[in-house]
K.L.:
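Input: one structure, supplied below.
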Amino acid sequence: MDILKKFSLEGKTALVTGAAYGIGFAIAEALADAGAKIAFNCRSRKHMDEALKAYSEKGIEARGYICDVTDETQVEKMVAEIEAELGVIDILVNNAGIIKRIPMTEMTAEEFREVVDIDLNAPFIVSKAVIPGMIKKGHGKIINICSMMSELGRETVSAYAAAKGGLKMLTRNIASEYGKYNIQCNGIGPGYIATPQTAPLRERQADGSKHPFDSFIISKTPAERWGDPEDLMGPAVFLASEASDFVNGHILYVDGGILAYIGKQP
Ligand code: NAP
Ligand code: GCO
């Protein structure tokens, strides 16, 4: 047997939400490298134009769609356009997400709702739009980008942790409800990854020293480093491919060992 063929995505169509840069871009690049046709979306025309250039520079003919994943009408229109242009979506990566770092008692209900809307409600909306095509096709892969905060809390991220905890359970429920249609729904739980979303946590201090949170994360990570979006490429191809056809409802933590480690003694 040529086991590597099980990791091939040749002939597959993948939608990666929020893949203009960061983790989504790296995952889309990996799926393309494994043979998939790539569709991605974001809200900003500027991000879209920059992303299309970046994909093209890597030899990837990605198709970009301006779409806010919280808007069901926009999502349904985007999915219909993708299916007309690239074919039925075989692989969905619910990656688009935001975070607001605000102490809970200082956070407005609107700010809380915005985070939950993008990080939890949107994966429901996009999955609901894509699953009927997967059922007709007889297979499908859904990968929800969860988080360490699907398991752990910390100060200032109440909305994000609530959303990502919910996304873990939405992942398990989609797996439970649609497994009989040969649809596998799993999560990837990245650790602390160096992207624009975490840039504030790594900013150098005025005196040139490391951000305290930067040092904290290094002390909590057995790998003694921040993750890179590229660290998520292999896990994404695995969960998007036939190699994981009997993996369902699983959250694969790609965190350098943070969840397993009490942390380095100060
Ligand atoms: P990022 O650098 O902030 O990128 C977020 C992407 O999502 C951007 O392309 C953004 O583009 C898009 N987006 C945001 N809201 C959207 C919406 N309503 N509709 C459509 N697109 C939207 O984030 P990241 O660090 O790559 O994280 C990606 C995912 O991984 C998120 O779900 C995040 O929670 C999760 N995650 C990140 C880390 C980490 O350490 N970085 C760790 C664990 C999990 P526009 O603004 O143009 O829409
Ligand atoms: C934070 C970080 C984290 C990461 C990620 C960890 O403020 O704690 O942004 O939430 O983004 O989710 O897995």
Side-chain angles (χ1 to χ4, degrees), residues 15-29 39-52 54-55 62 64-72 74-75 78 93-103 113-123 125-126 143-168 170-171 187-203 211-214 216-217 220-221 225-232 235-236 251-259:
L15 168 59
V16 185
T17 67
Y21 48 80
I23 286 171
F25 184 94
I27 288 177
E29 182 185 353
F40 74 99
N41 75 294
C42 60
R43 295 163 298 182
S44 146
R45 170 57 62 187
K46 176 175 180 293
H47 291 161
M48 173 65 67
D49 293 343
E50 291 166 355
L52 288 170
Y55 281 115
Y65 301 81
I66 296 293
C67 171
D68 182 334
V69 289
T70 65
D71 182 319
E72 194 161 20
Q74 288 185 37
V75 167
M78 172 180 67
V93 181
N94 284 308
N95 166 79
I98 67 166
I99 191 167
K100 290 183 184 295
R101 301 182 181 97
I102 305 167
R113 285 193 196 97
E114 183 185 356
V115 175
V116 173
D117 208 18
I118 296 172
D119 294 6
L120 178 57
N121 295 345
I125 288 170
V126 185
I143 301 170
N144 292 324
I145 306 300
C146 297
S147 162
M148 303 298 300
M149 275 59 212
S150 297
E151 303 292 343
L152 302 170
R154 82 173 187 86
E155 299 78 2
T156 77
V157 297
S158 59
Y160 185 82
K164 292 298 188 179
L167 185 56
K168 173 174 75 171
L170 177 63
T171 300
I188 289 177
Y192 281 81
I193 312 295
T195 72
Q197 192 245 51
T198 55
L201 305 175
R202 289 176 281 107
E203 270 169 9
H211 191 296
F213 198 90
D214 185 348
F216 170 67
I217 287 304
K220 293 285 284 182
T221 309
R225 67 175 176 89
W226 282 73
D228 203 281
E230 282 65 29
D231 288 315
L232 300 163
I251 312 298
L252 177 56
Y253 286 98
V254 185
D255 66 356
I258 295 181
L259 277 178

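Note that ligands are numbered from 1 as they come in the structure, with each ligand's atoms numbered from 1 the same way. For the single chain, residues carry numbers from 1 onward in sequence order.
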K.L.:
Just to be sure I read this right, does ligand 1 sit under 4.0 Å from the backbone of Thr195, its side chain, both, or neither, counting only heavy atoms?
P.N.:
side chain
K.L.:
Are any of the N or O atoms of Ser147 closer than 3.5 Å to those of ligand 1?
P.N.:
no
K.L.:
Closest by any non-hydrogen atom to atom 32 (O) of ligand 1: pick that one out of Val254, Ile145, Asn95, Val75.
P.N.:
Asn95
K.L.:
Is there a side-chain contact between Asn41 and Val69, using heavy atoms and a 4.5 Å cut-off?
P.N.:
yes
K.L.:
What are the atoms of ligand 1, with element, lying closer than 4.0 Å to any heavy atom of Gly191?
P.N.:
40 (O), 42 (C), 43 (C)
K.L.:
Look only at interatomic distance and state if Ala19 has a nitrogen or oxygen under 3.5 Å from any nitrogen or oxygen of ligand 1.
P.N.:
no
K.L.:
I'd like to check which ligand 2 atoms, numbered from 1 as shown, lie under 4.0 Å from a non-hydrogen atom of Tyr160.
P.N.:
5 (C), 10 (O), 11 (O), 12 (O)
K.L.:
Side chain or backbone, does Tyr192 bring an N or O within less than 3.5 Å of an N or O on ligand 1?
P.N.:
no
K.L.:
Suppose we measure from atom 4 (O) of ligand 1 to each protein heavy atom; which comes out shortest, and what is that distance?
P.N.:
Tyr21 CE1, 3.3 Å
K.L.:
Between the candidates Ile23, Leu232, Asp255, which shows the shortest non-hydrogen contact distance to atom 26 (O) of ligand 1?
P.N.:
Ile23
K.L.:
Indicate yes or no: does an N/O atom of Thr70 lie under 3.5 Å from an N/O atom of ligand 1?
P.N.:
no
K.L.:
Side-chain contact, heavy-atom cut-off 4.5 Å: Val115 with Ile99?
P.N.:
no
